[in-house]
Amino acid sequence: MSQSGWIWYQNEFLPRQAVSISPDDRGYYFGDGLYEVFRVYNGLLFEPSAHFDRLERTAKALQIALPFSRSQMEARLQELIGKNEVTNGTVYMQITRGEAARSHPFPPYVEPVLMAHTSVSERPLDMMRRGITAVTADDIRWLRCDLKTLNLLPNILAKQEALDRGADEVILHRSGTVTECSASNIMIVKNGVLRTHPANHLILHGVTRLVVLRLARELGLPLLEEPFTLEALGQADEAFLTGTTVEVTPIIRIDGRPVGNGSPGPIVQQLQTAFEAAISALA
């Protein structure tokens with residue numbers, strides 16, 4: 001992955017080396033801000049409307065006034081993609097509450113700070129073909145996982161725990177009820193039926209999750225958006241991740257035990273094909 005030379009900072013495009021963040025930025029002090037990661041395919045933003053819906057929802061919950069309209073932000077991000085000549089990659093956009101003396105209450109009359117940059121990265125095709133391994137762990141994060149805030153240290157610790165245990169990803173659960181992963185949503189298949197945790201305050205409302213659910217309905221696949229347990233996870237025929245950077249990635253082993261026959265199953269492969277078609281339609 002290579003990062004861009006141009007960054008959108010506040011109201012202008014600047015070379016990366018020209019951008020500086022104040023030590024009084026509340027994002028630096030408190031993680032007081034929000035972000036979005038957009039996938040870029042064929043030089044275009046993928047599912048921008050869903051991303052901006054989530055961005056606006058998070059900003060409203062955090063009481064941060066967005067400095068631009070969604071149409072202005074989309075136009076600027078697309079311009080940034082062009083300036084950095086990104087064909088396939090990601091755009092990271094972050095908005096903090098702004099600069100103020102370090103104090104917990106919201107400061108009055110502070111201007112939000114916006115920054116966005118791009119990265120060039122190819123699709124994880126090999127990983128999607130072969131699948132990944134995962135381990136389970138307690139979900140001890142806060143109870144507003146639906147908000148895409150900058151406070152990601154619990155997710156980082158969970159991901160590192162998975163790596164330290166020799167796995168690729170961690171599957172989180174609250175008292176035995178599976179929620180999501182460190183940076184993606186999870187779905188399982190049992191007897192041809194897809195199951196995934198409902199989009200409430202316990203999981204991030206993933207954009208790729210939304211796309212996959214839409215594709216599943218178009219394919220006529222039975223679907224249940226309801227909580228499932230670790231026991232159900234252990235008995236699943238298939239399991240897979242959905243996320244902006246992982247797309248639709250099979251999980252083939254969990255806690256050292258194979259999922260199904262230990263290889264990507266037919267439902268996830270069907271959804272991968274449908275997702276591929278959705279990407280191709282963007283060109």
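Between Lys190 and Glu231 there is no salt bridge, since no side-chain N of the basic residue sits under 4.0 Å from a carboxylate O of the acidic one. Ion pair Asp255/Arg165 flagged as a salt bridge, since at least one NZ, NE, NH1 or NH2 atom sits closer than 4.0 Å to an Asp/Glu carboxylate oxygen.
Looking only at distances, no side-chain donor or acceptor of Asn42 sits under 3.5 Å from a matching main-chain atom of Leu44. Put simply, the side chain of Asp168 gets close to the backbone of Thr133: a donor and an acceptor are under 3.5 Å apart. Checking side-chain atoms of Gln10 against main-chain N and O of Leu114 turns up a donor-acceptor pair under 3.5 Å. A donor-acceptor contact shorter than 3.5 Å is absent between the side chain of Arg102 and the backbone of Phe30. Distance alone, capped at 3.5 Å, places no donor-acceptor pair between the Arg209 side chain and the Gly243 backbone. Not one N or O on the side chain of Arg195 forms a donor-acceptor pair closer than 3.5 Å with the backbone of Met187. Put simply, the side chain of Asp237 never gets that close to the backbone of Gly260: no donor and acceptor are under 3.5 Å apart. Under a 3.5 Å cut-off, the side chain of Thr96 and the backbone N or O of Pro112 do not form any donor-acceptor pair. A donor-acceptor contact shorter than 3.5 Å is absent between the side chain of Arg141 and the backbone of Leu152. Asn185 places a side-chain N or O within 3.5 Å of a backbone atom of Leu204 that can act as its donor or acceptor partner.
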Requested in this report: List the steps, then state whether side-chain hydrogen bond (donor to acceptor under 3.5 Å, both in side chains) holds for Glu247 with Thr208.
Outcome: CA-CA 7 Å; Glu247 297 187 9; Thr208 307; over 6 Å; no

Query raised in the report: Would Glu36 and Arg54 satisfy salt bridge (charged side-chain N to carboxylate O under 4.0 Å, His left out), going step by step from the backbone distance to the final call?
Result: CA-CA 8 Å; Glu36 279 291 329; Arg54 186 171 61 187; 2.8 Å; yes

Query - Chi angles and distances behind the salt bridge (charged side-chain N to carboxylate O under 4.0 Å, His left out) call for Glu12, Lys83 - result: CA-CA 12 Å; Glu12 57 186 333; Lys83 287 182 71 69; over 6 Å; no

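Looking only at side-chain heavy atoms (C-beta outward), His51 and Met93 stay at 4.5 Å or farther from each other. Contact check for Asn151 versus Trp142: no side-chain heavy atoms found under the 4.5 Å cut-off. A 4.5 Å side-chain heavy-atom check between Asp139 and Leu202 finds every atom pair outside the cut-off. Between Tyr28 and Val113, every side-chain heavy-atom pair lies at or beyond the 4.5 Å cut-off. Taking the side chain as every heavy atom from C-beta outward, Tyr9 and His117 never approach each other to under 4.5 Å. In this structure, Thr118 and Trp6 have side chains that are not in contact, with every pair of non-hydrogen atoms separated by 4.5 Å or more. Considering only heavy atoms from C-beta on, Leu150 stays 4.5 Å or farther from Asp32 through its side chain. Contact annotation: the side chain of Leu55 never approaches that of Lys148 to less than 4.5 Å [non-hydrogen atoms, C-beta and beyond].
Counting non-hydrogen atoms of neighbouring residues, nucleotides and ligands closer than 6.0 angstrom, the OH atom of Tyr29 exceeds 12 such neighbours. Atom CD of Glu225 has more than 12 heavy atoms from other residues, nucleotides or ligands within 6.0 Å. Residue-environment remark: CG (Leu153) exceeds the threshold of 12 foreign heavy atoms within 6.0 Å.
Atom OG1 in Thr58 sits 9.5 Å away from atom CG in Leu66 (nearest 0.5 Å). Note that the CD atom of Glu74 and the CD atom of Gln78 stand 7.0 Å from one another [nearest 0.5 Å].
Cluster membership check: Val135 does not share its hydrophobic cluster with Val259, using side-chain heavy-atom separations under 4.5 Å among Ile, Leu, Val, Met, Phe, Trp and Tyr. Placement of Val120 and Phe13 within a single hydrophobic cluster is found when ILVMFWY residues are connected by side-chain heavy-atom separations under 4.5 Å, directly or transitively. Placement of Val178 and Leu224 in two distinct hydrophobic clusters is found when ILVMFWY residues are connected by side-chain heavy-atom separations under 4.5 Å, directly or transitively. A single hydrophobic cluster is not seen to contain both Val207 and Met128; linkage of ILVMFWY side chains at heavy-atom distances under 4.5 Å, directly or through other members, places them apart. Leu233 and Val189 are members of different hydrophobic clusters when ILVMFWY side chains are connected at heavy-atom separations under 4.5 Å.
Sorted by first and then second residue, the pairs that involve residues 59-86 and meet ring pair (Phe, Tyr, Trp, His ring centres under 6.0 Å), not counting sequence neighbours, are Trp8-Phe68.
Taking both residues in full, the closest heavy atoms of Ser103 and Arg26 are given as O-NH1, 2.7 Å, listed atom of the first, atom of the second, then distance. Minimum interatomic distance between Gly5 and Asn84 (heavy atoms only, all atoms of both residues): N-OD1, 3.4 Å. Shown here for Gly192 and Pro222, the closest heavy-atom pair between the two residues is O-CD, 3.6 Å.
Aromatic ring orientation, Phe275 versus Tyr41: perpendicular (interplanar angle above 60°, classes split at 30° and 60°).
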